Amino acid sequence: MTPADLPSFLAALHRHAPCAALNARNVSMARHCAPFKEAAVLVGIVPDAAGARLLLTRRTDSLRHHGGQIAFPGGRQDPTDGGSHTATALREAAEEIHTPPESWQTFPPLAPFYTPAGYAVRPVPALHTGGTWRASPGEVAEIFLIPLATALNPANYRFRPLPQDPAVSVPALPYLHYDIWGLTAAVLYHIAQAAEAV
């Protein structure tokens, strides 16, 4: 997929239904973890001359929840977001990686992905339009980029039992020394499946 293809692909992504494995994950989470609080993450793609890369963070080890995990910038919806998942994702990105809202071109939020911590997380696809980023030390230990082509290749994923329901297998994406799993890997695998269907 070329950078020129990305806007139309991301604009239509919210219409792509999850595959059977991801649907089973959501059903299992809904059964074990409801009710859910609203949250959103920014699925940030950085176009460049080499193609495009995906922005991810490694959470600070000292965090009470999800310490050390690979994640998208994001978090719980705040009353100031006005019920907008896009506003939530942009606000959290500004807090965690210091990117202003105007540095992202956003697209319609995807259907929710549920988490064991009790969140209904709406991924918000976005293209970076310029500027820099900087980690907020209290929350983010590292910001790194992976080739979008790596994340969009379903063959790069491995499947593991869901801890809360071992009968359900969920995707994980090994990349260099990073272990990308949980919600982050589920969202990326969903996008990879959508790209394969184009």
Side-chain angles (χ1 to χ4, degrees), residues 10 33 36-107 109-110 112-148 150-151 156 160 163 170-191:
L10 296 176
C33 306
F36 295 98
K37 300 173 284 291
E38 293 295 318
V41 294
L42 188 82
V43 183
I45 296 171
V46 182
D48 60 26
R53 295 178 292 169
L54 186 77
L55 187 149
L56 293 171
T57 71
R58 181 171 61 81
R59 309 289 287 173
T60 303
D61 290 333
S62 59
L63 286 175
R64 182 179 173 189
H65 299 294
H66 314 299
Q69 291 184 12
I70 306 304
F72 300 109
R76 184 174 181 172
Q77 196 163 72
D78 186 273
T80 62
D81 299 329
S84 165
H85 293 91
T86 297
T88 301
L90 291 172
R91 175 182 53 76
E92 288 283 342
E95 293 174 4
E96 294 179 12
I97 62 172
H98 296 277
T99 54
E102 59 270 20
S103 68
W104 298 101
Q105 176 189 0
T106 59
F107 298 88
L110 310 187
F113 286 72
Y114 302 118
T115 76
Y119 289 95
V121 181
R122 300 285 295 268
V124 177
L127 286 174
H128 192 242
T129 58
T132 60
W133 46 78
R134 173 173 53 89
S136 178
E139 297 187 70
V140 175
E142 178 185 3
I143 301 169
F144 65 98
L145 301 170
I146 72 170
L148 184 62
T150 299
N156 290 332
R160 304 173 182 171
V170 292
L173 177 62
Y175 175 70
L176 300 179
H177 58 285
Y178 301 106
D179 184 25
I180 305 170
W181 59 283
L183 170 80
T184 305
V187 172
L188 292 178
Y189 188 73
H190 173 70
I191 297 172

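These numbers come from a predicted model, not from an experiment.
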Quick one, [X] and [Y] - any side-chain contact, counting heavy atoms below 4.5 Å?
X    : Y    : answer
I97  : S136 : no
V43  : I191 : yes
I70  : Y175 : no
P47  : L127 : yes
P123 : F113 : yes
E38  : R76  : no
I146 : L55  : no
L145 : L56  : no

Enumerate the ring pair (Phe, Tyr, Trp, His ring centres under 6.0 Å) contacts for residues 126-148, please, sequence neighbours excluded, ordered by first and then second residue. W104-H128, H128-W133, F144-Y178

The criterion is salt bridge (Lys or Arg N to Asp or Glu O under 4.0 Å); which residues satisfy it with [X], sequence neighbours excluded?
X    : value
R160 : D179
E96  : R59
R53  : D48
E142 : R58

With side-chain hydrogen bond (donor to acceptor under 3.5 Å, both in side chains) as the rule and sequence neighbours excluded, what pairs involving residues 181-191 come up? Y189-Q193

Might you point out which heavy atoms bring [X] and [Y] nearest each other, and give the distance in Å?
X    : Y    : result
P171 : A185 : O-CB, 3.3 Å
P174 : A172 : CD-O, 3.6 Å
Y119 : A39  : CD2-CB, 3.9 Å
T60  : A141 : OG1-N, 3.5 Å

How long is the straight-line distance from CZ of F72 back to CG of L183, given to the nearest 0.5 Å? 7.0 Å

How would you list all residue pairs meeting salt bridge (charged side-chain N to carboxylate O under 4.0 Å, His left out) that involve residues 114-129, not counting sequence neighbours? none

Tell me, please, which residues at least two apart from [X] pass side-chain hydrogen bond (donor to acceptor under 3.5 Å, both in side chains).
X    : answer
R134 : H98
T132 : none
Q77  : T88

List the steps, then state whether side-chain contact (heavy atoms from CB on, under 4.5 Å) holds for V46 with L54. CA-CA 6 Å; V46 182; L54 186 77; over 6 Å; no

[X] side chain to [Y] backbone, donor-acceptor under 3.5 Å:
X    : Y    : result
T57  : P73  : no
S84  : D81  : no
S103 : T129 : no

Would you mind checking if D78 and R91 are paired as a salt bridge, meaning a charged N to carboxylate O distance below 4.0 Å? no

Listed partners of Y114 passing ring-ring contact (aromatic ring centres under 6.0 Å, His included), at least two apart: F36

Test applied, side chain to side chain contact (heavy atoms under 4.5 Å, CB included); reference residue, P125; option that passes from I45, L110, T106: L110

Please enumerate all residues that pass side-chain contact (heavy atoms from CB on, under 4.5 Å) together with P101, with sequence neighbours excluded. L90

